[in-house]
Amino acid sequence: MREYLLTLCITAAVTYLLTGPVRKFAIVAGAMPEIRARDVHREPTPRLGGIAMFFGLCAGLLVADHLTNLSEVFERSNEPRALLSGAALIWLIGVLDDKFEIDALIKLGGQMIAAGVMVMQGLTILWLPVPGVGTVALTQWQGTLLTVALVVITINAVNFVDGLDGLAAGMVCIASAAFFMYAYRIWYSYGIEAAAPATLFAAILMGMCLGFLPHNMHPARIFMGDSGSMLIGLVLAAGAISVTGQVDPDVMKLFSGSERNAVHQMVPVYIPLLMPLTIIAIPAADLILAIVRRTWRGQSPFAADRGHLHHRLLEIGHSHSRSVLIMYFWSALIAFGALGYSVNSASMWIVLGVVLLSAIGLILLLLPRFTPRAPLWAEHFVPPRYRRRRPPMHSAAEVPAGVPAGVPAGEDERTPVAAGVSGVNGATAVGSRSRLTR
């Protein structure tokens, strides 16, 4: 565990330290596109944050290769090299897209090629645990097609959700944390060395996201761009492919009886890993809804619009930060709920806990305009936004003509502010409603 934590910290530190220089480079290189109709931010922001994330990935793999225990992963498996090859290719395509806005079909072709490069180096699905049947061995073509499909879907699911400051990095970090706990349990508790690469990938992915988040939280100083979103999507898919298609469930020997019974009992464990979209269910749902919505309108599935889930949260009145926190909540609930169910599927407390937290999440979702206020005695200990506002009152000598005494300052000269003007947050940033300022 200490070596995994060291790798995570090195990856996060390198990513964090390089993001500042990368931001300056993006500004000089002109990777600051104009604000589009679907964008939420109001000022041009540099992209290319994926450059720092990629070098963080390289630093994490380099450090792990020189550690005593983790170096065995590179000796016994070719999967880390396969991941680095595919990540370098998808990162290069993302950098070109952040700078020159390449066509969507070209990006799709590049994603498939990157997945094919990983398959050629051994990172592929070899078998699947099917309930009621047992372990089903896949042919080379079946494994290749399934691996490529899984990589492409996961990359685009993460790319689609990258619409608010800190949203994609935070959600992938939550998913990779749950993934790391499960993969480490398989590797450490059952002594299955085939799960070690997936555990390493999850630790590095957490470091990449944690190192980039301080620069990307609202208001973001830099965006990860497609070079970052496609990169973290590929790393997440690579970990899921590694542990799902390489670890034989019968090796765990958790259950007596036939292999068919063992696989049937292990279904709760393999569901969140067989399809990583159950871990990143929110991006996956957003991806499916976007494709259906655009196809129904006669548009291309890759055409951009403002119908994503995070856009809808802003439109119903949630602020930018609150929308991100709501998406974090649902991602953590689904990811760690699936993790808990995989550990003990017979416990009703897990189901009841998930139901209770879902109810709390729905209540928060339906109260977009509720702002908590601290009591008077605690106002000195909380941030200013949680304190009660006390507008200054006009004195008798300062009362303008025609304004009665005792009226708060500024009440007589309110002017509406149009939507989208700098300084306006929340729903007015994307809707047509106006707002009165003091």
Side-chain angles (χ1 to χ4, degrees), residues 8-36 38-61 84 86-102 107 110-111 114 154-176 204-236 280 283 304 310 320-321 324 327-328:
L8 187 154
C9 293
I10 293 296
T11 304
V14 172
T15 304
Y16 176 79
L17 294 175
L18 288 181
T19 303
V22 167
R23 179 179 181 272
K24 297 180 181 180
F25 169 75
I27 295 175
V28 173
M32 295 178 61
E34 298 180 356
I35 299 177
R36 300 161 295 186
R38 68 176 187 272
D39 291 334
V40 177
H41 60 284
R42 298 177 297 276
E43 296 180 358
T45 305
R47 295 183 181 179
L48 295 178
I51 296 179
M53 303 179 80
F54 177 74
F55 283 105
L57 169 67
C58 296
L61 291 175
L84 185 59
L89 181 57
I90 202 69
W91 169 74
L92 180 60
I93 296 173
V95 170
L96 294 176
D97 181 65
D98 290 339
K99 173 59 180 174
F100 301 107
E101 294 282 346
I102 62 178
K107 288 195 295 183
Q111 296 167 8
T154 307
I155 288 175
N156 286 281
V158 176
N159 192 20
F160 271 45
V161 83
D162 184 24
L164 296 180
D165 297 347
L167 183 57
M171 293 181 67
V172 173
C173 184
I174 292 171
S176 58
I204 292 176
L205 182 57
M206 276 194 292
M208 295 165 59
C209 296
L210 290 175
F212 184 73
L213 268 176
H215 299 273
N216 191 232
M217 294 302 292
H218 183 70
R221 302 180 68 248
I222 186 174
F223 294 150
M224 67 172 64
D226 283 358
S227 58
S229 61
M230 293 197 300
L231 176 63
I232 60 178
L234 181 135
V235 177
L236 180 61
I280 50 172
H310 48 270
H320 191 294
S321 300
V324 173
M327 300 284 279
Y328 284 177

Just verifying a value: how many Å separate [X] [atom1] and [Y] [atom2], rounded to the nearest 0.5 Å?
| X | Y | atom1 | atom2 | result |
| --- | --- | --- | --- | --- |
| I27 | K24 | CD1 | NZ | 9.0 Å |
| I90 | D226 | CD1 | CG | 9.5 Å |
| L84 | W91 | CG | CH2 | 11.0 Å |
| C173 | I232 | SG | CD1 | 9.5 Å |
| L234 | L205 | CG | CG | 10.5 Å |
| L89 | Q111 | CG | CD | 10.5 Å |

Residues N216, T19; criterion side chain to side chain contact (heavy atoms under 4.5 Å, CB included); working and verdict
CA-CA 10 Å; N216 191 232; T19 303; over 6 Å; no
Given side chains that start at C-beta, do those of [X] and [Y] come closer than 4.5 Å, heavy atoms only?
| X | Y | answer |
| --- | --- | --- |
| M224 | M53 | yes |
| I51 | F25 | yes |
| K99 | V95 | no |

Problem set entry | D97 side chain vs K107 backbone, donor-acceptor pair below 3.5 Å | no
inquiry  = Donor-acceptor check, side chain of D165 to backbone of A220, threshold 3.5 angstrom: yes or no?
reply    =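 Checked: pair present.
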message: So for atom OH, which belongs to Y16, do other residues, nucleotides or ligands contribute more than 12 heavy atoms lying within a distance under 6.0 Å?
response: no
Only one of N156, I155, T154, V235 passes side chain to side chain contact (heavy atoms under 4.5 Å, CB included) with M230, and that residue is I155
Here's a test for you: under side chain to side chain contact (heavy atoms under 4.5 Å, CB included), which of T45, L48, I222 qualifies with R23?
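It is I222, the one option of T45, L48, I222 that forms the side chain to side chain contact (heavy atoms under 4.5 Å, CB included) with R23.
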Which atoms form the tightest heavy-atom contact between [X] and [Y], and what is the distance?
| X | Y | result |
| --- | --- | --- |
| L96 | I102 | O-CG2, 4.2 Å |
| I204 | T11 | O-CG2, 3.5 Å |
| V158 | S229 | CG1-O, 3.6 Å |
| A26 | P46 | CB-CB, 3.7 Å |
| L167 | Y328 | O-CE2, 3.8 Å |
| A114 | G86 | CB-O, 3.7 Å |

